[in-house]
*Asks:* 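First the structure, which I've put down as structure tokens, then a few questions once you've had a look.
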Number of protein chains: 2
Amino acid sequence: MRTPKDRGVPGAGGTSTINDVARLAGVSIKTVSRVMNNEPNVRPETRQKVQEAATLLHYRPNLLARSLAGSRSFLIGLFYDNPNAAYITDMQRGVITRAREQGYHLLIEPQDSHAPDLVSKISSLLATIRLDGVILTPPLCDMAVVLHAIEAAGVPYVRVSPFLNPGRSPCVRMDETQAAYEMTRHLIAMGHRDIGFIRGHPEHGGSHQRYEGFVRALRESQIEPRPEWVKQGYFSYESGVEAGRSLFAEKTRPTAVFSSNDYMAFGVMASAQQAGIRIPEDVSITGFDDVPGAMLVWPHVTTIRQPVEALAYAAADILLTRQEGEEGEPAPQAPDRLLPFALIERQSVRRA
Amino acid sequence: MRTPKDRGVPGAGGTSTINDVARLAGVSIKTVSRVMNNEPNVRPETRQKVQEAATLLHYRPNLLARSLAGSRSFLIGLFYDNPNAAYITDMQRGVITRAREQGYHLLIEPQDSHAPDLVSKISSLLATIRLDGVILTPPLCDMAVVLHAIEAAGVPYVRVSPFLNPGRSPCVRMDETQAAYEMTRHLIAMGHRDIGFIRGHPEHGGSHQRYEGFVRALRESQIEPRPEWVKQGYFSYESGVEAGRSLFAEKTRPTAVFSSNDYMAFGVMASAQQAGIRIPEDVSITGFDDVPGAMLVWPHVTTIRQPVEALAYAAADILLTRQEGEEGEPAPQAPDRLLPFALIERQSVRRA
DNA sequence: CTGAAAGCGCTTACAG
DNA sequence: CTGAAAGCGCTTACAG
């Protein structure tokens, strides 16, 4: 008779434990622990003996036990509230790629940023399961209450593309302002001076940065943005349709429209089509993000490629590198990591 | 001086433990455990005392400790190898929705189904972290070696849309054959008799079922499928372009093309456009899946809506319901759950 | 209805 | 270079 969960013979179907390995190798469990964690101060022969025993028994350290006894859980949490499937899967892929290099796993925690109990949910989660780090994307990364809850729980976190509170935590980002600036410069270089703009969701920091880059490029060319050509959108296809309708109903029409993201650009294109406005013959369209759909619509959309997966990888890297580092100070003010974007020219823009 | 990880005063910033609650409530930790797990046999007053103490201390049972001591980890794993972002996020959403109802969390484990060490990776993962259940999607759910590894680890699993080995595990699915059958019937009802077909990736069971439904509907109307109108695709946009080119290069052209998924349908549409073939005037197109892009391309694609999120919810439900159930027998041969699909008519089909 | 003891599988802090 | 002891925060199996 053994414990209720009968593990049977070590290595035979059931899982073997550190005790099984220690016994087989003829050492203490502490030595097995040292070997498994690649700690120094183990005689080479001893190390090998242990490794052989571990291999023989198919031994894998139990993550849960390591977590409870030690100071690491080997779990990273990804918090988000974003309906863009491509963005989410790219983020996940980037984080997992880096996490796996170090034996970490990813817990995904989609959150409703408008839920009244958002903070208590996060606090509760963090108390229930000790995460070694959390990655935050917009708009959660700009919510002070969220940051506060995570800080209160003492969990390290990295923010992706934050807007508010720079310096409050390590961050990864691309230069959204510069990207919008360059896109606008591109339109101007193509001969456009009458350019409309569809703003993104006001709760997303990127929306403001993109607008800022747009205005900066315009003014640099002595063009004043015309308020009637700047429409508010919410990053959704539908909001793009509506913004497009409103824009194309103005007395005079711009020759180009810069949408703060691709989905809205698709909406603008649909509204143009309904109004009998041809793209790019009558009006040029540009987007932002380079989602897969940008190659699906016709004409294909000129846009900015966000390095989402690379941002995610970098965010995980900050978390895990610090983890491995000295216990001491949290690395001398880790500077934000800035990743490059790319302007992708396709068929939705033509010379004015 | 306390332990190295100084938790400070219970409830003040740090996390409180079952001991803190027991002390404050004046009971044993076993009683606290009973209350937290909603077990019977606790006097109402005792229960209340404990609950008050727990609330006061912001007590949350440590998931890792529960896992190690008990038989549950409160962790579900989702294994997949699928590039379709919408499918993945829908799956995740469905699983998480159900999992949260019971305090469970989701670990995502994308896998390369062609990796030579796939099985050892899965075995290793399962030994490292005791999951309470695993959900498998195509093509992983049809790989015998994968099923074997999970069974060897003694972890319950549910398969989504499996093709092979029916009855080997609980499954959730929609009737893919019937869906393809109905789509084909729809085309026939619209006057089409010359119908082409783009097959899906041969490693995905659905590919064969969809083709089978197509052929069945055709034969039922005394139409024999023409081999030169059946092209092999691989579920990707590019493979759709290629299949479309090949199809439209045949001496005679079908009046409709049924693609085994939407992305290939988009590719077929692109190849048609390049060949100067109008949709739906010259040829009707249908897809399968109803990905967001189906509403982005023009004309919008008539397709089959898969209940992905509902399938995921159902899969998690099977896992968690069994979890809660009797320890004894694994529920008398849980029947597969069959979920309804929907045929979505849009603009890519017209009467022949 | 309640609790004391043992133990889950590891790591920590220490001693040698 | 190695190990014995204690403990992480819970649940299990019992006893009363």
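In the text below, chain A, chain B and the rest are named by the order of the sequence lines, each starting its count at 1.
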*Asks:* Measure from CD1 on B:I29 to P on C:dA4 and round the result to the nearest Å.
*Replies:*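 Whole-Å distance recorded here is 9 Å.
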
*Asks:* Near DNA chain C, which residues from residues 44-53 of chain B have a heavy atom under 4.0 Å away?
*Replies:*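 Contacts with DNA chain C under 4.0 Å: B:T46.
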
*Asks:* D:dC8 C1' sits how many Å from B:L64 CG, rounded?
*Replies:*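 Checked: the CG to C1' distance equals 10 Å.
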
*Asks:* Within less than 4.0 Å of OP1 or OP2 of C:dT11, is there a side-chain N or O belonging to A:S33?
*Replies:*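 Answer yes for this pair, as a side-chain N or O of A:S33 is under 4.0 Å from OP1 or OP2.
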
*Asks:* Taking only distance into account, with no hydrogens and no angle test, what donor-acceptor pairs under 3.5 Å do side-chain atoms of residues 49-56 of chain A form with protein atoms, sequence neighbours excluded?
*Replies:*
residue	atom	partner	partner atom	Å
A:E52	OE2	A:Q48	NE2	3.2
A:T55	OG1	A:Q51	O	2.8

*Asks:* With rounding to the nearest 0.5 Å, note down the distance linking CG in A:N62 to CG in B:L68.
*Replies:*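 Output value for this atom pair is 6.0 Å.
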
*Asks:* DNA chain D in dot-bracket, Watson-Crick or G-U pairs under 3.5 Å, [ ] crossing, | other strand?
*Replies:* |||.||||||||.|||

*Asks:* To the nearest angstrom, how far is A:I129 atom CD1 from D:dC10 atom P?
*Replies:*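 Interatomic distance, CD1 of A:I129 to P of D:dC10: 13 Å.
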
*Asks:* Within the pair B:S71 and D:dT12, is there a side-chain N or O less than 4.0 Å away from OP1 or OP2?
*Replies:*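 For B:S71, the contact criterion (side-chain N or O under 4.0 Å from OP1 or OP2 of D:dT12) is met.
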
*Asks:* Without decimals, in angstroms, what is the distance between B:R23 CZ and D:dC10 C1'?
*Replies:*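 Result: 15 Å.
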
*Asks:* To the nearest angstrom, how far is B:N62 atom CG from D:dG7 atom C1'?
*Replies:*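 About 14 Å, once rounded to whole Å.
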
*Asks:* Measure the distance from CD1 on A:I18 to C1' on C:dT11 and round it to the nearest whole Å.
*Replies:*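 So the CD1-C1' distance, A:I18 to C:dT11, works out to 8 Å.
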
*Asks:* Would you check if the side chain of B:S123 reaches a backbone N or O of B:V119 as a donor-acceptor pair within less than 3.5 Å?
*Replies:*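 At least one qualifying donor-acceptor pair exists.
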
*Asks:* Could you list the residues that satisfy ring pair (Phe, Tyr, Trp, His ring centres under 6.0 Å) with A:F79, not counting sequence neighbours?
*Replies:*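 Checked A:F79 against ring pair (Phe, Tyr, Trp, His ring centres under 6.0 Å); zero matches.
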
*Asks:* Kindly state which residues belonging to residues 35-42 of chain A come within less than 4.0 angstrom of DNA chain D, counting heavy atoms of the residue only, listed by number.
*Replies:*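 Going residue by residue through residues 35-42 of chain A, the ones with a heavy atom under 4.0 Å of DNA chain D turn out to be A:N41, A:V42.
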
*Asks:* Less than 4.0 angstrom between a side-chain N/O of A:T31 and OP1 or OP2 of D:dG3, yes or no?
*Replies:*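 It does, given that an N or O in the side chain of A:T31 lies less than 4.0 Å from OP1 or OP2 of D:dG3.
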
*Asks:* What is the distance from CG of B:L63 to P of D:dC8, rounded to the nearest Å?
*Replies:*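 Rounded to the whole Å, the gap is 18 Å.
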
*Asks:* Return the set of residues passing salt bridge (Lys or Arg N to Asp or Glu O under 4.0 Å) with B:R93 (not counting sequence neighbours), or none when no residue passes.
*Replies:*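 B:R93 satisfies salt bridge (Lys or Arg N to Asp or Glu O under 4.0 Å) with B:D90, B:E309 only.
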
*Asks:* With sequence neighbours excluded, what pairs up with A:Y87 under the side chain to side chain contact (heavy atoms under 4.5 Å, CB included) test?
*Replies:*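 Only A:N82, A:N84, A:M91, A:T137, A:P138, A:V160, A:V308 meet the side chain to side chain contact (heavy atoms under 4.5 Å, CB included) criterion with A:Y87.
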
*Asks:* Please pick, from C:dT12, D:dG7, D:dG9, the nucleotide with the shortest atom-to-atom distance to any side-chain atom of B:T17.
*Replies:*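 The listed nucleotide nearest to B:T17's side chain is D:dG9.
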
*Asks:* Only counting residues at least two apart or in another chain, list the ones meeting side chain to side chain contact (heavy atoms under 4.5 Å, CB included) with B:I96.
*Replies:*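 Once residues adjacent in sequence are excluded, the partners of B:I96 under the side chain to side chain contact (heavy atoms under 4.5 Å, CB included) criterion are A:I108, A:P110, B:R100, B:L106.
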
*Asks:* Is it true that A:T128 and B:R60 share a donor-acceptor pair across their side chains at a distance under 3.5 Å?
*Replies:*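 B:R60 vs A:T128: no donor-acceptor pair found between side chains.
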
*Asks:* Please, which pairs that meet salt bridge (Lys or Arg N to Asp or Glu O under 4.0 Å) have at least one residue in residues 139-156 of chain B, sequence neighbours excluded?
*Replies:*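 Listed once each, the pairs are B:E151-B:R168.
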
*Asks:* Would you mind reading off the distance between B:L68 atom CG and C:dG7 atom C1', rounded to a whole angstrom?
*Replies:*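 It works out to 9 Å between those atoms.
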
*Asks:* Think A:R66 has a side-chain N or O under 4.0 angstrom from the OP1 or OP2 of C:dT11?
*Replies:*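 Yes, because at least one side-chain N or O of A:R66 sits under 4.0 Å from OP1 or OP2 of C:dT11.
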
*Asks:* Under 3.5 Å, is there a donor-acceptor pair linking the side chains of A:D132 and A:Y104?
*Replies:*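 Yes, side-chain donor-acceptor contact under 3.5 Å.
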
*Asks:* What pairs with B:D117 under side chain to side chain contact (heavy atoms under 4.5 Å, CB included), at least two apart in sequence or on another chain?
*Replies:*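 Listed in chain order: B:A115, B:S120, B:K121.
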
*Asks:* Taking only N/O atoms, report every protein-nucleotides 14-16 of chain C pair under 3.5 Å with atom names and distance.
*Replies:*
none

*Asks:* Just checking, is any N or O donor in the side chain of A:R173 or A:S161 under 3.5 Å from an acceptor N or O on the other one?
*Replies:*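 Side-chain D/A pair, A:R173 to A:S161: absent.
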
*Asks:* Can A:N37 and A:R66 be counted as having a side-chain donor-acceptor contact under 3.5 angstrom?
*Replies:*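 On atom types as modelled, these side chains qualify, holding a pair under 3.5 Å.
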
*Asks:* Under the rule for side chain to side chain contact (heavy atoms under 4.5 Å, CB included), what residues qualify as partners of A:R337, not counting sequence neighbours?
*Replies:*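 For A:R337, the residues satisfying side chain to side chain contact (heavy atoms under 4.5 Å, CB included) (neighbours in sequence not counted) are A:V172, A:A314, A:D317, A:I318, A:L339.
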
